[in-house]
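Below, read A as the first sequence line, B as the second, and so on, with proteins coming before strands; counting in each chain starts at 1.
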Protein chains: 2
Amino acid sequence: MFKFTRRTEYALIAMRHLQSKSMSEITTTKEISDQYAIPFEILSKVLQSLAKVKIIKPVYGPNGGYIIKQNLSNISLWDFLEIMEGPLGLADCFIDSDCTQLDNCNIRTPIQQINNKMKTILTKMTVSDVTL
Amino acid sequence: MFKFTRRTEYALIAMRHLQSKSMSEITTTKEISDQYAIPFEILSKVLQSLAKVKIIKPVYGPNGGYIIKQNLSNISLWDFLEIMEGPLGLADCFIDSDCTQLDNCNIRTPIQQINNKMKTILTKMTVSDVTL
DNA sequence: TTATACCCGACACTTAAAGTCGTATTTATG
DNA sequence: CATAAATACGACTTTAAGTGTCGGGTATAA
Ligand code: FES
Ligand code: FES
């Protein structure tokens, strides 16, 4: 449990990098890939998925790249993580409500309480708490 | 990120089950395995590892099994999770201090703050918050 | 027209978790 | 003392998820 995926780390690094630039400055995938030693192809896809959810905006053609678009303090860290990694939860029953086999599970309630505590923390924080 | 491993879930279920019995009652692996539909061999190993760290006490021979031993409110949830799943942390650098490649990582400090918040929650809680 | 950048699906590789198997050890009991 | 019932444990296979690669496609400035 617990570790960010590389995708998520790459995304946060890139977003912080983009955030540090002025709104009009365009940054290429290659620039970020080089500076932080992130495999180019992987970072490409990460940035593409960020573009897909409108967090960054692509600029096509020569001298193109990305610019950061949305005010990142709008997005909670929880939501961002779910964008990057899919639905989150300490156990299956908090994700797809299908904790296989464990028909009469005896720990569901206490686990749910822990789950809620973690969720609260991450919901109160925003992406810009990381990127700013 | 975020989901307990099955091992951890199995352990918590078993510990709660054991906790619900009186101190002198012995419970077999098979009883728990049957009641919660956990693969016997897997549960065996989980209980063995719990026995190894003295959380439960094995009783050999016929009519043997396990009894719960230690006061579980002594063990923080964080420590317990590290027993079950190894060192925890949001990124490698908080585990083995070797975030590969990312020489000039720009998000280490903010990530560390989140890491600490999560760790605080789990350190303040004890295993008996789940098993009791 | 061309070069440069983003876009994207399909595939291969790697790793960790999950589960299986065979065998050894301990001990209560007849 | 033989047996059966329980834990102990290393070696192995299978599965699933994450990570990374490849080849081609689209948009656009110059
Ligand atoms: S049923 Fe989901 S944790 Fe047990
Ligand atoms: S160096 Fe560990 S998160 Fe970047």
Between [N] atom [atom2] and [X] atom [atom1], what is the distance in whole Å?
X       : N      : atom1 : atom2 : answer
A:Ile26 : D:dA27 : CD1   : C1'   : 14 Å
A:Leu43 : D:dT21 : CG    : P     : 13 Å
A:Ile42 : C:dC13 : CD1   : P     : 15 Å
B:Leu50 : D:dA8  : CG    : P     : 10 Å
B:Leu18 : D:dT7  : CG    : P     : 11 Å
B:Ile56 : D:dT7  : CD1   : P     : 9 Å
B:Phe4  : C:dA17 : CZ    : P     : 15 Å
A:Leu81 : D:dG18 : CG    : C1'   : 16 Å

Show every salt bridge (charged side-chain N to carboxylate O under 4.0 Å, His left out) that has at least one partner inside residues 15-25 of chain B, sequence neighbours left out.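 As it turns out, the salt bridge (charged side-chain N to carboxylate O under 4.0 Å, His left out) pairs with a partner in residues 15-25 of chain B, which skip direct neighbours, are B:Lys21-B:Glu31.
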
Show every salt bridge (charged side-chain N to carboxylate O under 4.0 Å, His left out) that has at least one partner inside residues 47-57 of chain A, sequence neighbours left out.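 Sorted result for residues 47-57 of chain A: empty, none.
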
Under-4.0 Å side-chain N/O to phosphate OP1/OP2 contact, B:Arg7 with C:dA17: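 No, because none of the side-chain N or O atoms of B:Arg7 sits under 4.0 Å from OP1 or OP2 of C:dA17.
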
Can I get a per-line list of side-chain donor-acceptor pairs under 3.5 Å for residues 117-124 of chain A, giving both atom names and the distance, sequence neighbours left out?
from	atom 1	to	atom 2	distance (Å)
A:Thr120	OG1	A:Asn116	O	2.8
A:Thr123	OG1	A:Lys119	O	2.6

How does protein contact run along nucleotides 1-11 of chain C, one letter per nucleotide 5' to 3', with B for base contact, S for sugar-phosphate only, - for none, heavy atoms under 4.0 Å? --BBSSBBBB-

Tracing side-chain links under 4.5 Å among I, L, V, M, F, W and Y, which residues wind up in one group with A:Ile26? A:Val59, A:Ile67

Would you please name every residue forming a side chain to side chain contact (heavy atoms under 4.5 Å, CB included) with A:Asn63, sequence neighbours left out?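 For A:Asn63, no residue satisfies side chain to side chain contact (heavy atoms under 4.5 Å, CB included) once neighbours in sequence are set aside.
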
Taking all heavy atoms of B:Phe40 and all of B:Lys30, pick out the closest pair and write down the distance. CE1-N, 3.7 Å

